[in-house]
Amino acid sequence: MSAQIEPRAVVTRFAPSPTGFLHIGNARTGLFSWLYARHHGGRSLLRIEDTDKARSTQAAIDVILDGLQWLGLDWDGDAIFQSERVGRHVEVAQALQAKGQAYRCYMSSAELAAARAAAEKERRPFRLESPWRDCGPDAPAPDAPFVIRLKAPREGETAIDDLVQGRVTVSNSELDDMVLLRSDGTPTYMLAVVVDDHDMGVTHVIRGDDHLNNAFRQLGIYKAMGWPEPVYAHIPLIHGPDGAKLSKRHGALGVDAYRDELGILPEALFNYLLRLGWGHGDDEIISQSQAIQWFDLDAVGKGPSRFDMKKLENLNGHYIREASDGRLAGLIVPRLEHSLGRALGGDEIERLTAAMAELKPRAKTLDELADGAVFLFKPRPLDYDEKAEQLLAGDAPRLLARAYAALTALDEWTAPATEAAVRSVAEAAAVKLGQVAQPLRAALTGRATSPGIFDVLVLLGREESLARIAERMGSEG
RNA sequence: GGCCCCAUCGUCUAGCGGUCCAGGACGUCGCCCUUUCACGGCGAAAACACGGGUUCGAUUCCCGUUGGGGUCACCA
């Protein structure tokens, strides 16, 4: 019977570097990290890895913060900026050196390159063996630039019990003496991550698969410092439809692009990302609160999964249908104003909201939703697309004239009333309803597809409807 | 190439030795609904990579092959 060990409270962290956009794959890793903390009632921290000062502008940082907030991922406490912690990183490097766990290495980059080239030539794996490793503190210090390297173990092996990958073992002979401090005295990423994670009290390091190999080397710092080791969970990367690393061409867009350019709802992206690489029985539609309740790392797949835009769109369509009319109208107003080239008035937004019930089921993205709504506000004469022109040819003008007459005679302008009128026109002309309805649709919307034609009539209103029909009708024959 | 990891329908996945001639979802294809397009309903095609073991019995366990991915910096 082993003693019951008091589990450490879970502390996770999301540590993006501000490159100008929040990569969709990183967003998913952040989601998993956040979900894990929330599920276990722990803390979810945020650290901005802004050591590359050139790229780390405030704008680039805001993109990440906006993206996270939009997705509904919050964090506990203030965000930590790695750049502000350089002093502490250097301090740890020096402590390591004082303990004899790190050393000054005076090898020049030319020497390194030569050693690497030699290894390459002999077709054997390159493993750095610095002659300065075992010189001890009394070694003559040449007047030359140096780096601080970690004295990594060479015997034995290192194992990680990864929450996603399982137990992974690597021979220590594979590990080299990584650089802790560069010759200009600045800390490397390897050092900074470990020091920050430790100082922030991170218990669970949940990050991309691409860091798995780093974990073994980073563990060396924890061991050398005598710090408690974190639990690791390495999440597989997201791949493109072709199985290769997700590239710009097929979806490696920033979260902001999904929102702004494609018109994806946050709950749809949340749901999609959650189900990509993770499953919970047959459940497909999963809310945030349900996700928190159900999520755990053991159900995360070990292999990379491919990004599927079609499925995201399907999910988005689902959430559009669920969204309130007011919210949707508000979301597409900017898109409509952009394509119309003018601002929408209050009464127009009211009409837009009223139209949502009919427009919603026809759209998979906000872009499509806006496109489906634009006919409501187009000035006369409409621009008719090719299919609409086809519908308006032949007998159509004559039938439109009859419909015009029947509609003009109506006392009340409702869907049932207009339907009765149009049906009677079709009957009188001995044609199918579609023979009248389709030209009507073309005349009213300029398109061959739209919501139900009687709803369109009501949405447009009597005056505008009749005016649009008049544009295209001939004489009653 | 060395090291590490992975492998169920086209895609995301369920399956944790027998309940699987493998379930769900997206996509695809039919049919229904219908004034168009959607939505919705019904249905179909579609997978355990291959080869050895272990076992009374393997999609499930082990090994190999093949395929895929990750990583090998004074970048993060």
Side-chain angles (χ1 to χ4, degrees), chain A residues 15-17 19 49-52 55 82 105 107 109 112 116 119-120 123-128 145-149 160 162 164-166 168-171 173-176 178-190 192-193 208-214 216-217 234 236-237 239 241 243-245 272 275-285 299 301-315 317-318 321 358-364 368 372 387 391 419 422-423 426 432-442 445 447-454 456:
Chain A
S17 52
T19 53
E49 313 230 306
D50 57 344
T51 49
D52 184 345
R55 285 193 298 178
Q82 192 159 63
C105 172
M107 283 180 85
S109 51
L112 274 171
R116 222 183 299 271
E120 179 96 9
R123 304 193 73 242
R124 63 175 163 79
F126 173 70
R127 196 84 27 206
L128 173 85
F146 61 87
V147 298
I148 303 293
R149 286 183 188 278
I160 289 178
D162 192 285
V164 169
Q165 304 294 338
V168 185
T169 307
V170 160
S171 167
S173 62
E174 297 292 326
L175 277 27
D176 57 7
M178 64 179 171
V179 173
L180 265 19
L181 249 35
R182 303 188 185 93
S183 53
D184 65 0
T186 59
T188 59
Y189 163 80
M190 288 292 191
V193 179
D209 211 346
D210 49 340
H211 286 291
L212 181 57
N213 290 285
N214 288 338
F216 292 94
R217 305 205 286 163
H234 288 93
L237 270 23
H239 284 182
K245 207 171 186 171
Y272 178 71
R275 279 285 290 103
L276 190 61
W278 178 84
H280 184 268
D282 286 343
D283 297 301
E284 297 287 347
I285 303 296
K302 291 179 166 192
S305 36
R306 304 184 186 196
F307 189 85
D308 182 4
M309 194 60 204
K310 279 286 201 303
K311 189 148 186 173
L312 206 208
E313 284 186 344
N314 173 272
L315 237 19
H318 169 86
R321 274 170 258 135
E358 283 301 315
L359 260 13
K360 271 198 297 203
R362 276 163 251 261
K364 291 198 183 337
E368 289 178 7
K387 284 178 182 168
L391 290 172
E419 174 160 5
V422 174
R423 279 190 188 279
K432 286 184 180 173
L433 178 58
Q435 298 284 296
V436 186
Q438 281 297 80
L440 213 40
R441 182 187 320 284
T445 68
R447 307 268 182 95
T449 66
S450 80
I453 198 62
F454 308 114
V456 169

Between A:R362 and A:E368, does the salt bridge (Lys or Arg N to Asp or Glu O under 4.0 Å) criterion hold? Intermediate values first, please. CA-CA 8 Å; A:R362 276 163 251 261; A:E368 289 178 7; over 6 Å; no
For the backbone of A:V179 and the side chain of A:T188, can you confirm whether one donor and one acceptor N or O come within less than 3.5 Å of each other? yes
Could you give the distance separating B:U13 and B:G53 at their P atoms, to the nearest angstrom? 33 Å
Residue closer to the 5' end of RNA chain B, A:L276 versus A:V170 (nearest nucleotide): A:V170
Specify the separation, in whole Å, of atom CG of A:D308 and atom P of B:C12. 8 Å
Apply salt bridge (Lys or Arg N to Asp or Glu O under 4.0 Å) to A:E174 and list each qualifying residue two or more places apart in sequence or on a separate chain. A:R127
Please tabulate the protein-to-nucleotide N/O contacts below 3.5 Å involving nucleotides 46-48 of chain B, giving atom names and distances.
none

Across all chains, not counting sequence neighbours, the salt bridge (Lys or Arg N to Asp or Glu O under 4.0 Å) partners of A:R306 are none
On a whole-Å scale, what distance lies between the C1' atoms belonging to B:U34 and B:A47? 36 Å
The nucleotide from B:C37, B:U11, B:G2 with an atom nearest the side chain of A:R362 is B:C37
Could you list the residues that satisfy ring pair (Phe, Tyr, Trp, His ring centres under 6.0 Å) with A:H318, not counting sequence neighbours? none
Determine the contact category for A:T51: base if any of its heavy atoms lies under 4.0 Å from a base atom, sugar-phosphate if only primed atoms, P, OP1 or OP2 are that close, otherwise nothing. sugar-phosphate
What are the atom names and distances for every N/O pair under 3.5 Å that joins the protein to nucleotides 70-74 of chain B?
unit_1, atom_1, unit_2, atom_2, d
B:G70, N2, A:N213, ND2, 3.4
B:U71, O4', A:N213, ND2, 3.3
B:A73, OP2, A:R116, NH1, 3.1
B:C74, O2, A:S183, N, 3.0
B:C74, O2, A:S183, OG, 3.0
B:C74, N3, A:S183, OG, 3.2

Side chain to side chain donor-acceptor pair (under 3.5 Å) involving A:D50 - partner list, sequence neighbours excluded: A:S83
Quantified in whole Å, what is the C1' atom distance between nucleotide B:C9 and nucleotide B:A45? 10 Å
Protein-nucleotides 21-25 of chain B N/O pairs closer than 3.5 Å?
unit_1, atom_1, unit_2, atom_2, d
B:G23, N2, A:D282, OD1, 3.3
B:G24, N2, A:R275, NH2, 3.2
B:G24, N2, A:E284, OE2, 2.8
B:A25, O4', A:E284, OE2, 3.2
B:A25, N3, A:K311, NZ, 3.0

Review item, nucleotides 33-35 of chain B N/O atoms under 3.5 Å of protein N/O:
unit_1, atom_1, unit_2, atom_2, d
B:U35, OP1, A:R423, NH2, 3.4
B:U35, O2, A:R441, NH2, 2.2
B:U35, N3, A:I453, N, 3.4

Atom C1', compared across B:G70 and B:G52: separation rounded to whole Å: 29 Å
Between B:U60 and B:G43, how far apart are the C1' atoms? Round to whole Å, please. 31 Å
Taking the C1' atom in each of B:C42 and B:A49, what is the distance between them to the nearest angstrom? 34 Å
Only counting residues at least two apart or in another chain, list the ones meeting salt bridge (Lys or Arg N to Asp or Glu O under 4.0 Å) with A:R321. none
A:D176 and A:R149 ion-paired at < 4.0 Å: no
Could you tell me which residues satisfy side chain to side chain donor-acceptor pair (under 3.5 Å) with A:S109, sequence neighbours excluded, listed by chain and number? none
Taking atom types as modelled, find out whether A:S171 and A:S173 have a side-chain donor-acceptor pair closer than 3.5 angstrom. yes
Between B:U36, B:U13, B:C3, which nucleotide has the shortest distance from any of its atoms to the side chain of A:S305? B:U13
A:D283: what forms a side chain to side chain donor-acceptor pair (under 3.5 Å) with it, not counting sequence neighbours? A:H280
Counting any heavy atom closer than 4.0 Å, what does A:R447 reach on the DNA or RNA strands: base, sugar-phosphate only, or nothing? nothing
A:F146: which residues meet the ring pair (Phe, Tyr, Trp, His ring centres under 6.0 Å) condition with it, sequence neighbours left out? A:Y106
Looking at every heavy atom in both A:Q165 and A:D162, which two are closest together, and how far apart are they? N-OD1, 2.9 Å
Go nucleotide by nucleotide along RNA chain B from the 5' end; which of A:G279 and A:V168 gets its closest nucleotide reached first? A:V168
